[in-house]
2 protein chains.
Amino acid sequence: MTETRTLRADAARNRRELLRAAADEFRERGPDASIESIARRAGIGKGTVFRHFASKDHLMAAIVTDRLEDLGGLAESLAGAPDAGAALADFLAASAERQQEQSMAFLAAADPAVLREAGVEEVRERMFQAVYALVDRARGQGAIRADVTGPDVVLLMCAPTHVAEPLAKASPDLWRRYLAIILDGLRPDGARNLPHPAPPAPLP
Amino acid sequence: MTETRTLRADAARNRRELLRAAADEFRERGPDASIESIARRAGIGKGTVFRHFASKDHLMAAIVTDRLEDLGGLAESLAGAPDAGAALADFLAASAERQQEQSMAFLAAADPAVLREAGVEEVRERMFQAVYALVDRARGQGAIRADVTGPDVVLLMCAPTHVAEPLAKASPDLWRRYLAIILDGLRPDGARNLPHPAPPAPLP
DNA sequence: CCATAACCGGACCGAGCGGTCCGCTTACTG
DNA sequence: CAGTAAGCGGACCGCTCGGTCCGGTTATGG
């Protein structure tokens, strides 16, 4: 974003390959994947990485921004669906499916100041707002409990994948099982007991 | 475990302090907490750490073994409770509460061979079996769905804390909210749709 | 086709890590 | 109370990492 004019052809190709390689390395080796291994995987030199991104954290921010924009766009495209409950379930399924292959967990290791500087917060906030809208419509249609809030669902988004993570390789579809359990827990029917207040509106 | 006879008094005190300091550091700084910072926090030198534990991974294994034994003992003590559904809920609440202050996430960074050598697997397996027993009794009493397995519940154990983690500091009791939602999802009443098979029996 | 600026990449640097070593200190024992 | 082995801890080592730099290379405009 806010790129300098007319990136040279080979530079553009290297940048694309670099982002792809970095995403793969972070997924396989976690936040500690080395810049050198990423560069090797992309078929470029270490110096070229720092030509494209000021630091490792900036590289992480770029990857995560792409994914948040993708998710936000998906949520927005579901905004007008007639069955809001199904739309919400579809969104959560798509979100979990993406996390299966592209975790964002490595983000925790990055410097928050860099994330802010790279504009991650704005993109994330936009995605959150789109999810909140889905939740509000689903609640309005009685598809989920009256006391379930938008932030609740955002917090629960990562849960199915996280639960199934220890067996993700052996049963790559297992997250569906736990998404189904969680969706059941959100349904309005049945005797329930939800203690404690909803989370504060903005996630930090 | 299998300690040499009669640890000297100061050595025993240092070992206790070391374990406490290491747990705190891992919680605050994650798996990358340095041995040096742990030693400083415990008021001892770096060399003393390696006198007590052969490597950083062995230190992690010792911490995690303590906690697994604690959890396993709790599950076993609940084995005979008359209301098996309530016993299971109590256990999951206690488990989440412990995780709130003593995460085991850093375990992922340790060498599996060392964990095996330190006997973590046996302790974990014993804890799992105790949980499976709780689940079986709860299912037998109709407190949870018939198609929910022991491994399901083990996988779900960490979920409430993980969901609430982004707000753990601001709302330290928030995990209760998500434990309640998940327990609702496990209840037998209502129309449900659980696709996909149960996970394979042993967790790797 | 040439000039030039943008780009590339590997050699290099300093920091911080896990782990080792050994001279000094301190708690037990006869 | 003295001898001694166990315990201690900080200096030190080798390694890997993120990040810098500059000589060589390649795309592009006149």
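Side chains are part of it too, since the values below use all heavy atoms of this structure and drop only hydrogens, waters and symmetry mates. Chain A is the first sequence line, chain B the second, and so forth, proteins listed ahead of strands; every chain is numbered from 1.
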Flag, side chain of A:Arg137 to backbone of A:Ala81, donor-acceptor distance under 3.5 Å: yes
Classify the nucleic acid contact of [X] as base, sugar-phosphate or nothing, counting any heavy atom under 4.0 Å across all strands shown.
X       : value
A:Ala33 : sugar-phosphate
A:Ala12 : nothing
A:Asp10 : sugar-phosphate

Minimum-distance nucleotide to A:Ala11 side chain [options: C:dT20, D:dG19, C:dC7]: C:dC7
Proximity to the side chain of A:Ile44 - top-ranked nucleotide from D:dG19, C:dT20, C:dG9: C:dG9
Pairs touching residues 72-95 of chain A that satisfy side-chain hydrogen bond (donor to acceptor under 3.5 Å, both in side chains), sequence neighbours left out: A:Glu76-A:Arg126, A:Ser95-A:Gln99
Find the distance [X]:[atom1] to [N]:[atom2] and express it as a whole number of Å.
X        : N      : atom1 : atom2 : value
B:Phe26  : C:dC17 : CZ    : P     : 12 Å
B:Leu59  : C:dG19 : CG    : P     : 10 Å
B:Phe53  : C:dG18 : CZ    : P     : 15 Å
B:Lys46  : C:dG16 : NZ    : C1'   : 9 Å
A:Ile35  : C:dG9  : CD1   : P     : 15 Å
A:Asp111 : D:dG19 : CG    : P     : 10 Å
A:Asp32  : C:dC17 : CG    : C1'   : 12 Å
B:Arg13  : C:dT25 : CZ    : C1'   : 14 Å

With B:Arg41, the salt bridge (Lys or Arg N to Asp or Glu O under 4.0 Å) member among B:Glu17, B:Glu36, B:Glu28: B:Glu28
At less than 4.0 Å, is any side-chain N or O atom of [X] found next to OP1 or OP2 of [N]? Yes or no.
X       : N      : value
B:Ser34 : C:dG16 : no
B:His52 : D:dC8  : yes
A:Lys56 : D:dG18 : yes
B:Asn14 : D:dC8  : yes

Under 3.5 Å donor-acceptor pair, B:Arg8 side-chain atoms to C:dT26 base atoms: yes
A:Phe26: ring pair (Phe, Tyr, Trp, His ring centres under 6.0 Å) partners, not counting sequence neighbours: A:Phe106
Flag for A:Gln100-A:Thr161: side-chain donor and acceptor within less than 3.5 Å: no
